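Let me give you the structure first, and then I'll get to my questions.
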Number of protein chains: 2
Amino acid sequence: MGCKIEEFKQEQKKRMRAVQDSMDVLNGKWKIAIITSICCYGKRRFSDILNDIEGISNRMLSKELKELEINQLIKRTVLDTQPISVQYELTEHGDTLQTIISNLTDWGIVHRKKIVGS
Amino acid sequence: MGCKIEEFKQEQKKRMRAVQDSMDVLNGKWKIAIITSICCYGKRRFSDILNDIEGISNRMLSKELKELEINQLIKRTVLDTQPISVQYELTEHGDTLQTIISNLTDWGIVHRKKIVGS
DNA sequence: CTGAATCCAGATGGATACTG
DNA sequence: CAGTATCCATCTGGATTCAG
């Protein structure tokens with residue numbers, strides 16, 4: 001039955017789109033570092049994250065934070081300090097990424113050993 | 001003890017490097033689609049993969065396959081046909097990616113529902 | 001059939017300076 | 001402090017053509 005094959009192909013397409021959706025969210029040079037920084041401390045201010053991640057510029061931090069917020073992974077809160085500061089924390093949805101990040105971490109370690117041997 | 005904090009930071013750095021390693025391997029517009037295509041059928045020829053993935057060009061397929069091969073995720077075999085054809089299959093190491101891809105698929109589906117609502 | 005080579009547009013990201 | 005704006009180099013990937 002060609003039917004079954006077609007169904008299978010459709011299923012595959014859906015799955016590939018889903019993986020791509022995840023990758024789109026996680027792509028960008030600093031996304032994962034930012035998520036890690038925030039989730040590590042629970043709550044984190046802009047300047048804290050800027051210090052946590054070596055090499056990132058305020059321009060990129062701002063840009064990536066905005067994208068993470070659009071994807072509802074982090075929540076942004078303006079604190080009434082003088083001067084103002086802004087706090088970022090993971091949303092519940094953002095928290096669900098932890099399994100993936102953990103898997104990626106484990107695999108990355110094995111992979112590096114495999115490739116570089118260290 | 002500042003020591004503990006330093007240790008913690010070092011640990012975090014290693015973990016972030018590891019996640020980044022994984023992402024580097026998986027990045028590129030077609031990597032996951034290619035892996036999926038190959039692992040789906042076990043063995044797959046260049047032109048088959050080209051047909052499996054709609055929109056990919058031979059230039060990109062060639063490029064991404066090469067990177068996957070460098071990372072030891074796939075094995076390339078030249079078949080003695082006329083004209084020659086080339087077969088690709090996952091290595092054992094490549095197989096270990098399946099958990100991650102599965103995770104990314106599941107999360108992507110949930111995420112899409114969350115964001116777009118479909 | 002399986003690529004490699006070339007050309008080119010658009011995206012990405014760094015450096016720096018500026019604003020509320 | 002938390003961004004925004006601008007400029008600019010590099011990277012990415014598409015289209016097309018050529019080669020073994």
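Quantities reported herein were computed from a predicted structural model and do not represent experimental measurements. So that the names make sense, note that chain A is the first sequence line, chain B the second, and so on, each numbered from 1.
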Is a side-chain donor or acceptor of A/Ser102 paired with a backbone partner of A/Gln98 at a separation under 3.5 angstrom? no
Restricting to pairs with a member in residues 22-39 of chain A, which pass salt bridge (Lys or Arg N to Asp or Glu O under 4.0 Å), not counting sequence neighbours? A/Lys31-A/Glu64, A/Lys31-A/Glu67
Bounds of contact between DNA chain C and chain B, in 5' to 3' order, using a heavy-atom cut-off under 4.0 Å: C/dC1 to C/dT6
Of the non-hydrogen atoms in A/Leu61 and A/Phe46, which two are nearest, and what is the gap between them? CD2-O, 3.5 Å
Looking only at heavy atoms, what is the nearest atom pair of B/Ile109 and A/Ala18, with distance? CG1-CB, 3.6 Å
Could you check whether B/Glu89 pairs with B/Arg76 (Lys NZ or Arg NE/NH1/NH2 to Asp/Glu carboxylate O, under 4.0 Å)? no
What residues, two or more places apart in sequence or in another chain, satisfy side-chain contact (heavy atoms from CB on, under 4.5 Å) together with A/Asp48? A/Arg44, A/Arg45
Validation row: A/Ser37, A/Tyr88 side chains within 4.5 angstrom (heavy atoms): no
Would B/Leu79 and B/Ile84 count as a side-chain contact (heavy atoms from CB on, under 4.5 Å) if you check the C-alpha gap in whole Å, the side-chain angles of each, and the deciding distance to 0.1 Å? CA-CA 6 Å; B/Leu79 301 180; B/Ile84 63 152; over 6 Å; no
Scan A/Ser57 against the nucleic acid and name what it touches under 4.0 Å (heavy atoms): base, sugar-phosphate only, or nothing. nothing
Kindly state which residues belonging to residues 22-32 of chain A come within less than 4.0 angstrom of DNA chain C, counting heavy atoms of the residue only, listed by number. A/Lys29, A/Trp30
Can you measure A/Glu64 atom CD to D/dA2 atom P for me and round it to whole angstrom units? 18 Å
In whole angstroms, how far is the C1' atom of D/dA2 from the CD1 atom of A/Ile56? 13 Å
5'-most contact on DNA chain C: B/Gln87 or A/Met60, nearest heavy atom basis? B/Gln87
A/Ile38 vs A/Ile49, side-chain contact (heavy atoms from CB on, under 4.5 Å): CA-CA, chis, key distance, verdict: CA-CA 7 Å; A/Ile38 295 175; A/Ile49 306 175; 3.8 Å; yes
Would the distance check show the side chain of A/Ser62 and the main-chain N or O of A/Asn58 forming a donor-acceptor pair, the cut-off being under 3.5 Å? no
Give the minimum heavy-atom separation between B/Leu90 and B/Cys39, together with the two atoms involved. CD1-CB, 3.3 Å
Please check this pair: side chain of B/Thr36 against backbone of B/Ile32, looking for a donor-acceptor N/O pair closer than 3.5 Å. yes
In 5'-to-3' order, the base (B), backbone-only (S) or no-contact (-) status of each nucleotide in nucleotides 3-10 of chain D, using a 4.0 angstrom heavy-atom cut-off, is BBBB----
What is the bend of the helix from C/dC1-D/dG20 to C/dG20-D/dC1 when you compare the axis at one end with the axis at the other, using five pairs each and rounding to 10°? 40°
How long is the line joining CG of B/Leu61 and P of D/dT16, in whole Å? 18 Å
Closest non-hydrogen atom pair, A/Ile74 against A/Thr91: C-CG2, 3.6 Å
